[in-house]
Asker: 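Dumping the structure here so I can ask a few things about it.
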Amino acid sequence: MKIAVLTGGVGGARFLRGLVDAVDPAQVTAIVNVGDDLEVLGLAVSPDLDSVLYALAGVADEERGWGRADETWNALESVEALGGESWFRLGDRDLGVHLVRTQARNAGQSLSAVTARLAVALGVETTLLPATDEPLRTWLDTPNGSFAFQDWFVARRHRDPVDRVRFEGAASARPAPGVLDALHEAALILLAPSNPFVSIGPILAVERIRSAIERRRVPCVAVSPLIARQAVKGPAAVMLQRLQGGTTAAHVAQCYPGLIDVLMIDEADAADADAVSALGIRPLITRTLMRDPTARRRLAEAALDAVAFA
Ligand code: GDP
Ligand code: CA
């Protein structure tokens with residue numbers, strides 16, 4: 001059974017690891033957010049693609065929660081000592097990936113082509129696709145100004161309240177090669193428990209991806225990123241409160257109008273189930289904290305079971 005998963009970085013990567021433990025990894029296609037992509041020190045960096053790549057290759061740093069395991073920071077320390085750009089943390093091993101990607105991009109290779117090459121080189125059997133090969137950049141409008149995603153998220157530590165999320169380039173962006181095929185061939189479409197606004201939002205901003213999901217003939221199941229109405233990590237709940245008016249599971253469901261059949265919510269949010277049902281979306285109550293491999297795999301298996309209820 002082929003499965004297509006829309007995903008951001010760390011939260012989505014955790015979920016994907018559980019999924020590829022539960023099914024044949026080669027049957028899974030990850031369609032990954034590129035709205036966070038940026039240029040640092042002249043290098044093309046794709047944070048969410050890399051989080052997924054590192055997680056599936058088994059080289060992610062689990063404790064830190066981002067980047068690569070066994071990382072060292074010599075290059076960045078040298079940059080810092082020279083007064084160079086050092087706000088975005090790039091480790092030595094991580095830098096190797098950005099060097100290879102940047103060279104390929106400068107030689108005219110598409111992001112999807114170089115991503116496929118990196119995945120093969122790291123032994124990843126799952127297909128990793130950027131949502132689009134064209135520039136698509138997430139911007140946040142806040143009372144303190146408009147910021148590109150990483151300026152807001154990393155440099156300003158997402159402290160500015162967000163009034164609006166914009167996706168520069170999305171209107172003309174075409175899905176990367178393979179994305180629409182993956183959505184059409186999938187027996188199940190999953191939205192990872194990634195941030196709905198800044199991780200899944202940019203993917204859905206590519207019109208032909210959104211319409212492919214709107215016209216799906218197979219179930220689409222989303223996993224809520226909230227537990228007990230709070231984000232496990234990051235700004236999802238704060239954004240939901242301000243942009244959607246609350247942090248119940250129903251507010252999460254309202255991020256995906258016409259796009260999902262099932263919303264998997266945590267036991268701690270069971271009280272919100274009726275409000276989700278009232279939106280015509282089936283709530284599926286389970287344990288959604290992916291604290292270890294067993295928990296990750298169980299959540300993925302529950303998502304597969306959700307097909308029966310869709
Ligand atoms: P990013 O691109 O690296 O910021 O990561 P994502 O957008 O893919 O994931 C961030 C979201 O994952 C956050 O909103 C978290 O609340 C959510 N998340 C992280 N770990 C878990 C977990 O164990 N369970 C659930 N349900 N959500 C999680
Ligand atoms: Ca991200």
Side-chain angles (χ1 to χ4, degrees), residues 3-8 11-12 14-16 18-19 31 33 35 131 138 162-165 167 183 186 188-207 209-290 298-310:
I3 302 173
V5 186
L6 272 57
T7 178
R14 264 182 211 155
F15 179 68
L16 277 162
L19 185 63
I31 300 168
N33 173 39
T138 300
V162 174
D163 293 319
R164 186 166 165 240
V165 187
F167 307 108
L183 289 170
L188 172 64
I189 300 171
L190 296 172
L191 307 193
S194 295
N195 186 306
F197 301 103
V198 293
S199 291
I200 305 294
I203 307 174
L204 295 172
V206 178
E207 190 46 47
I209 297 181
R210 173 181 285 270
S211 62
I213 297 177
E214 279 169 352
R215 292 192 214 128
R216 70 196 176 278
R217 297 213 178 89
V218 299
C220 181
V221 176
V223 183
S224 173
L226 302 189
I227 297 181
R229 299 187 177 178
Q230 293 187 319
V232 176
K233 207 180 163 210
V238 173
M239 296 183 85
L240 267 162
Q241 185 65 47
R242 191 165 170 100
L243 296 170
Q244 208 73 271
T247 64
T248 72
H251 291 97
V252 175
Q254 279 164 345
C255 293
Y256 301 127
L259 295 167
I260 61 171
D261 305 291
V262 175
L263 180 66
M264 299 180 62
I265 64 176
D266 194 81
E267 288 171 353
D269 297 302
D272 298 342
D274 288 346
V276 173
S277 299
L279 298 167
I281 292 164
R282 186 141 202 150
L284 209 117
I285 302 162
T286 185
R287 270 192 225 158
T288 70
L289 185 63
M290 300 178 283
R298 280 218 192 102
L299 179 61
E301 283 167 348
L304 299 173
D305 290 345
V307 176
F309 299 99

Asker: Nearest heavy-atom pair of Pro219 and Leu188: which atoms, and what distance?
Answerer: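 Result for this residue pair: O-CD1, 3.6 Å.
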Asker: Using side chain to side chain contact (heavy atoms under 4.5 Å, CB included) as the criterion, point out the one residue from Thr288, Ile285, Leu289 that pairs with Glu267.
Answerer: Ile285
Asker: Taking Asp269 for the side chain and Arg229 for the main chain, is one N or O donor matched with an acceptor at less than 3.5 Å?
Answerer: yes
Asker: Where do Pro193 and Met290 come nearest, in terms of heavy atoms and distance?
Answerer: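 In terms of heavy atoms, the two residues are closest at CG-CE, 3.7 Å.
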Asker: Rounded to the nearest 0.5 Å, how far does CE of Met264 lie from CG of Asp305?
Answerer: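 Separation between the atoms: 8.5 Å.
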Asker: What I'd like to find out is whether the side chain of Ile213 reaches to under 4.5 Å of the side chain of Arg216, using heavy atoms alone.
Answerer: yes
Asker: Quick check: does any side chain N or O of Ser199 sit under 3.5 Å from a backbone N or O of Gly8, one acting as donor and the other as acceptor?
Answerer: no
Asker: For the CD atom of Gln241 and the OG1 atom of Thr248, what is their distance to the nearest 0.5 Å?
Answerer: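 Going from the CD atom of Gln241 to the OG1 atom of Thr248 covers 9.5 Å.
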Asker: Between Met239 and Val165, does the side chain to side chain contact (heavy atoms under 4.5 Å, CB included) criterion hold? Intermediate values first, please.
Answerer: CA-CA 10 Å; Met239 296 183 85; Val165 187; 3.9 Å; yes
Asker: Which heavy atom of Thr247 sits nearest a heavy atom of Ala237, and at what distance?
Answerer: CG2-O, 3.4 Å
Asker: Are Leu191 and Ile203 close enough that some pair of their side-chain heavy atoms sits under 4.5 Å apart?
Answerer: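 No, too far: nothing below the 4.5 Å cut-off.
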Asker: If every non-hydrogen atom of Ala303 is compared with every non-hydrogen atom of Phe15, which pair is closest and at what distance?
Answerer: CB-CZ, 4.2 Å
Asker: Would you indicate whether the side-chain heavy atoms of Phe167 and Val206 approach each other to under 4.5 Å?
Answerer: no
Asker: List the atom of Ile189, the atom of Ala186, and the distance in Å for their closest heavy-atom pair.
Answerer: CG1-CB, 4.3 Å
Asker: So how far is it from Ser224 OG to Leu263 CG, rounded to the nearest 0.5 Å?
Answerer: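 Here the interatomic distance stands at 5.5 Å.
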Asker: State the CD1-CD distance between Ile209 and Glu207, to the nearest 0.5 angstrom.
Answerer: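 Ile209 atom CD1 to Glu207 atom CD measures 10.0 Å (nearest 0.5 Å).
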Asker: Any sub-3.5 Å donor-acceptor pair from Asp272's side-chain atoms to Ala250's backbone N or O?
Answerer: no
Asker: Roughly how far apart are Gln254 CD and Ile281 CD1, rounded to 0.5 Å?
Answerer: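 CD1 of Ile281 is found 8.5 Å from CD of Gln254.
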Asker: Are the side chains of Asn195 and Pro225 in touch, meaning some heavy atoms are under 4.5 Å apart?
Answerer: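 No, every pair of side-chain atoms sits at 4.5 Å or beyond.
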Asker: Distance check, rounded to the nearest 0.5 Å: Tyr256 atom OH versus Leu279 atom CG?
Answerer: 14.0 Å
Asker: For Gln244 versus Cys255, what's the shortest heavy-atom pair and its separation?
Answerer: NE2-SG, 3.1 Å
Asker: Does any part of the side chain of Arg242, heavy atoms only, come nearer than 4.5 Å to the side chain of Val162, both counted from C-beta?
Answerer: no
Asker: Dump the intermediate steps for side chain to side chain contact (heavy atoms under 4.5 Å, CB included) on Leu304 and Ile3, then the final yes or no.
Answerer: CA-CA 9 Å; Leu304 299 173; Ile3 302 173; 3.5 Å; yes
Asker: Under the side chain to side chain contact (heavy atoms under 4.5 Å, CB included) test against Leu190, which residue among Ile260, Val221, Val223 passes?
Answerer: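 Going through Ile260, Val221, Val223 one by one, the side chain to side chain contact (heavy atoms under 4.5 Å, CB included) with Leu190 is satisfied by Val221 alone.
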Asker: Under the 3.5 angstrom rule, does the side chain of Asp261 hit a backbone N or O of Arg282 as a donor-acceptor pair?
Answerer: no
